[in-house]
Amino acid sequence: MQITLSSIDHILVREDIEGFIEAGAPVDEYQDEAAQIAAAVNMLTEENFREDTVLAIVTLVWSKSFELGEEDMALRLLALRRVAQAILDLRS
C-alpha cells in the first residue's frame, strides 16, 4: 500500500515541528518535505519499513530542508520520532 503525500503532509502539519503553522504560515508549509518523505518511504521494502529507517528518512529530510545542525536536530528528536511512528501507523 502506497503512503500518500497528503497523509504525510497531514502528520507534519499536525506536529508542526518548526511552529510555522502556529505562527500563521499556510497549511502547505511542509508539503515539500512531505513529498520527499513520501517518495523515500514508498521505496522501502516491507522488510525495511521499520521505525529506525523511517526515522532516518524523516531526520535527513528535515535536517537538509531547514539546514539544521546536530544540536538543533537533537531538540526536535521527540517530535521527529512521533512523525516516524505516525507514518508507520499508516500501514497498520
Side-chain angles (χ1 to χ4, degrees):
M1 175 178 103
Q2 289 282 333
I3 293 177
T4 65
L5 175 135
S6 63
S7 295
I8 293 178
D9 191 47
H10 176 75
I11 292 166
L12 295 178
V13 167
R14 183 181 67 217
E15 194 62 43
D16 193 19
I17 296 169
E18 299 303 318
F20 295 151
I21 304 299
E22 185 179 331
V27 293
D28 67 349
E29 176 65 34
Y30 300 118
Q31 195 160 27
D32 288 343
E33 291 77 23
Q36 292 174 56
I37 293 168
V41 166
N42 283 317
M43 291 177 62
L44 294 175
T45 63
E46 202 60 41
E47 177 181 297
N48 288 322
F49 190 73
R50 303 181 317 258
E51 183 179 4
D52 62 331
T53 309
V54 174
L55 178 60
I57 291 167
V58 172
T59 300
L60 179 61
V61 168
W62 213 259
S63 173
K64 290 177 107 180
S65 290
F66 297 103
E67 300 177 359
L68 299 169
E70 268 186 59
E71 192 174 304
D72 288 325
M73 290 302 293
L75 296 172
R76 292 160 174 81
L77 186 57
L78 288 176
L80 294 167
R81 283 188 188 280
R82 287 191 300 267
V83 168
Q85 187 58 57
I87 293 169
L88 290 167
D89 291 346
L90 292 173
R91 281 210 187 155
S92 301

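No hydrogens, no waters, no symmetry mates; every other heavy atom, side chains included, goes into these values. Since this is a predicted model, take the numbers as computed values, not measurements. Nothing fancy with the numbering, it's 1 onward along the sequence.
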Minimum heavy-atom distance A79-I17, with the two atoms named: CB-CG1, 3.8 Å

Taking a hydrophobic cluster as the set of Ile, Leu, Val, Met, Phe, Trp and Tyr residues connected by side-chain heavy atoms closer than 4.5 Å, whether directly or through intermediates, do I57 and L5 fall within one such cluster? no

So N42 and Q2, side-chain hydrogen bond (donor to acceptor under 3.5 Å, both in side chains) or not? Walk me through it. CA-CA 6 Å; N42 283 317; Q2 289 282 333; 3.1 Å; yes

Look at the side chain of D16 and the backbone N and O of F20, then say whether any donor-acceptor pair between them is shorter than 3.5 Å. yes

Tell me, do L80 and M73 make a side-chain contact under 4.5 Å, heavy atoms counted? yes

Joint hydrophobic cluster, V27 plus F66, side-chain heavy atoms closer than 4.5 Å: no

Dump the intermediate steps for side chain to side chain contact (heavy atoms under 4.5 Å, CB included) on W62 and D72, then the final yes or no. CA-CA 11 Å; W62 213 259; D72 288 325; over 6 Å; no

Taking C-beta and beyond as the side chain, do L90 and I11 meet within less than 4.5 Å on heavy atoms? yes

Pair L44-V54, side chain to side chain contact (heavy atoms under 4.5 Å, CB included): steps then yes or no: CA-CA 9 Å; L44 294 175; V54 174; 4.2 Å; yes

Could you pull out the closest heavy-atom pair between E47 and R50, with the gap in Å? O-NH1, 3.4 Å

Step by step, would you call Y30 with V83 a side chain to side chain contact (heavy atoms under 4.5 Å, CB included)? CA-CA 13 Å; Y30 300 118; V83 168; over 6 Å; no

Does the pair R81 and L55 meet the rule for a side chain to side chain contact (heavy atoms under 4.5 Å, CB included), with working shown? CA-CA 6 Å; R81 283 188 188 280; L55 178 60; 3.5 Å; yes

Do D32 and Q36 have a side chain donor and acceptor closer than 3.5 Å? no

Assigning hydrophobic clusters by single linkage (Ile, Leu, Val, Met, Phe, Trp, Tyr; side-chain heavy-atom cutoff under 4.5 Å), is V41 placed with L60? no

Rounded to the nearest 0.5 Å, what separation is found between the CG atom of D9 and the OG1 atom of T4? 9.5 Å

Side chains of L75 and L68: does their closest heavy-atom pair fall under 4.5 Å? no

Looking at every non-hydrogen atom in both residues, tell me the closest pair between A25 and E29 and how far apart they are. CB-OE1, 3.6 Å

Would you find a donor on one side and an acceptor on the other, under 3.5 Å apart, between the side chain of S65 and the backbone of V61? yes

Within this structure, what is the CG-CD distance for the pair L78 and E15, rounded to the nearest 0.5 Å? 9.5 Å

